[in-house]
Amino acid sequence: MRRFALAIALGLVAMAAGAEVPLPNISVDKSTKCVAPPEVMRRTHMQMLLHRRDRTVHLGIRGGDEALTRCISCHASKTTGAAVGAPDAFCQSCHDYVGVKLDCFDCHQGRPGAAAKVSARQP
Ligand code: HEC
Ligand code: HEC
Ligand code: HEC
């Protein structure tokens, strides 16, 4: 059932993207560039983040383009300063829209520059 709902959600995202119908408040500062083209990011950001987490936890690799803190530094809202925690925040608005829960920020900071809620090697 969850898979089915996700398939529908992804279909909606694909349709919205294809038809150039704007998604709920995906407002991004276009003077910067994402770590990959937007159509790639839409499809693969989840694997990218989860893969990255494994590499950090198991291999100790940190920093660089795929760090979650980097995503947040670019995708935090200009008004609230955060990428989650408000219906119009970048990560959250799309996730609310497609119905995919985003629980990462129970531990990780959703705003740039804030002190980490988690310390190294204590998952
Ligand atoms: C240097 C700034 C920067 C960083 C770092 C960055 N992004 Fe982006 N991101 C952007 C910009 C700008 C766009 C819009 C690109 C466009 O539409 O041409 C974008 C687009 C996206 C999109 C597609 C949104 C849509 O239009 O549907 C997703 C998803 C995304 N980013 C997730 C991430 C994730 C996850 C990370 C960290 C792994 C990340 N971004 C890191 C700047 C950044
Ligand atoms: C229970 C707490 C917890 C939750 C929930 C959690 N993480 Fe983490 N995460 C950690 C810890 C601890 C580390 C290791 C930090 C370090 O060693 O630098 C980590 C590391 C990471 C890293 C690598 C470091 C970085 O900034 O790039 C990524 C990426 C990451 N997590 C993504 C996620 C994503 C995506 C989710 C949601 C699906 C998530 N995490 C949920 C605790 C958590
Ligand atoms: C354009 C819409 C969109 C944006 C923007 C977006 N996401 Fe996603 N995200 C999705 C969809 C759709 C899925 C579900 C894909 C699947 O499970 O097959 C997903 C899945 C994920 C997952 C995996 C969740 C799980 O339980 O497996 C993580 C982690 C994630 N997104 C993090 C982020 C972060 C962090 C940001 C902001 C930097 C972000 N997303 C922005 C649409 C988006």
Side-chain angles (χ1 to χ4, degrees):
M1 187 56 212
R2 180 161 180 271
R3 274 288 136 203
F4 182 63
L6 278 181
I8 293 177
L10 284 174
L12 283 175
V13 171
M15 273 164 56
E20 302 291 345
V21 175
L23 287 165
N25 197 55
I26 307 292
S27 70
V28 191
D29 174 4
K30 298 269 175 88
S31 69
T32 62
K33 264 203 177 353
C34 201
V35 295
E39 57 280 6
V40 174
M41 289 310 289
R42 253 170 249 144
R43 274 186 289 110
T44 64
H45 68 275
M46 11 3 227
Q47 289 96 317
M48 194 181 276
L49 285 173
L50 299 176
H51 178 240
R52 168 56 187 239
R53 169 171 55 185
D54 292 348
R55 299 208 316 152
T56 297
V57 172
H58 299 300
L59 303 175
I61 292 164
R62 296 187 178 81
D65 270 356
E66 291 179 349
L68 189 54
T69 47
R70 285 265 292 145
C71 319
I72 300 308
S73 72
C74 282
H75 287 297
S77 145
K78 291 249 183 307
T79 45
T80 65
V84 290
D88 66 342
F90 178 80
C91 310
Q92 186 156 348
S93 65
C94 189
H95 274 249
D96 286 354
Y97 181 73
V98 297
V100 179
K101 197 162 175 289
L102 197 52
D103 59 7
C104 320
F105 301 96
D106 295 351
C107 296
H108 291 278
Q109 283 295 350
R111 53 179 66 236
K117 293 180 195 170
V118 291
S119 55
R121 301 184 196 292
Q122 291 179 340

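Excluded from the calculations below are hydrogen atoms, water molecules and symmetry mates; all remaining heavy atoms, backbone and side chain alike, are included. Keep in mind the model is a prediction, meaning the values are calculated, not measured. Whatever order the structure lists ligands and atoms in, that order sets their numbers, starting from 1.
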Interatomic distance, CZ@R43 vs CE@M48, rounded to 0.5 Å, equals 10.5 Å

Where does the angle between the aromatic ring planes of H75 and F90 fall among parallel (under 30°), tilted (30 to 60°) and perpendicular (over 60°)? parallel

Practice task
Verify side-chain contact (heavy atoms from CB on, under 4.5 Å) between K78 and D29, making sure each step is shown before the conclusion.
Solution key: CA-CA 9 Å; K78 291 249 183 307; D29 174 4; 4.0 Å; yes

(message) Looking at S77 and A83, would you say the former's side chain and the latter's main chain have a donor-acceptor pair under 3.5 Å?
(response) no

Taking only non-hydrogen atoms of M46 and a 4.0 Å limit, the atoms of ligand 3 in range are 9 (N), 11 (C), 13 (C), 15 (C), 19 (C), 20 (C), 21 (C), 22 (C), 23 (C)

Interatomic distance, SG@C71 vs CE@M41, rounded to 0.5 Å, equals 6.5 Å

Among H45, R55, H108, Q109, the residue with a heavy atom nearest to atom 33 (C) of ligand 2 is H108

In ligand 2, the atoms that come under 4.0 Å of a heavy atom of R62 are 16 (C), 17 (O), 18 (O)

Ranking C94, G99, C34, C104 by closest non-hydrogen atom to atom 1 (C) of ligand 3, top hit is C94

Ligand 1 and H75, any nitrogen or oxygen pair closer than 3.5 angstrom?
-> yes

Checking heavy atoms under 4.0 Å, the part of D29 that sits near ligand 1 is backbone

For F90, the ligand 1 atoms with a heavy-atom partner under 4.0 Å come out as 21 (C), 22 (C), 24 (C), 28 (C), 30 (C), 31 (N)

Taking only non-hydrogen atoms of V100 and a 4.0 Å limit, the atoms of ligand 3 in range are 13 (C), 14 (C)

In this structure, OG1 of T69 is separated from CZ of R111 (nearest 0.5 Å) by 15.0 Å

Closest heavy-atom approach to atom 35 (C) of ligand 1 among A36, C71, G64 is made by C71

Audit row: R62, R52, side-chain contact (heavy atoms from CB on, under 4.5 Å) steps and yes/no:
CA-CA 9 Å; R62 296 187 178 81; R52 168 56 187 239; 4.3 Å; yes

The atoms of ligand 2 lying under 4.0 Å from a heavy atom of T56, numbered in the order shown, are 16 (C), 17 (O), 18 (O), 23 (C), 24 (C)

Per-atom filter on ligand 3: closer than 4.0 angstrom to a heavy atom of L49 are 32 (C), 35 (C)

Ligand 2 to C107, heavy atom cutoff 4.0 Å, flagged ligand atoms 1 (C), 2 (C), 3 (C), 4 (C), 5 (C), 43 (C)

(Q) Would the distance check show the side chain of H51 and the main-chain N or O of Q47 forming a donor-acceptor pair, the cut-off being under 3.5 Å? (A) no

The answer for which part of T32 has a heavy atom under 4.0 Å from ligand 1 is both

To the nearest 0.5 Å, atom CG of D54 lies from atom CG of L49 at 11.0 Å

Candidates R43, H95, K101, R42; heavy atom nearest atom 30 (C) of ligand 3 found on H95

Heavy-atom proximity to atom 32 (C) of ligand 3, picking from L102, L50, D103, points to L102

Counting heavy atoms under 4.0 Å, the part of I72 that contacts ligand 3 is neither

Checklist entry - Should L102 and I72 be regarded as members of a common hydrophobic cluster, given that ILVMFWY residues are connected when their side-chain heavy atoms come within less than 4.5 Å of each other, either directly or indirectly? => result yes

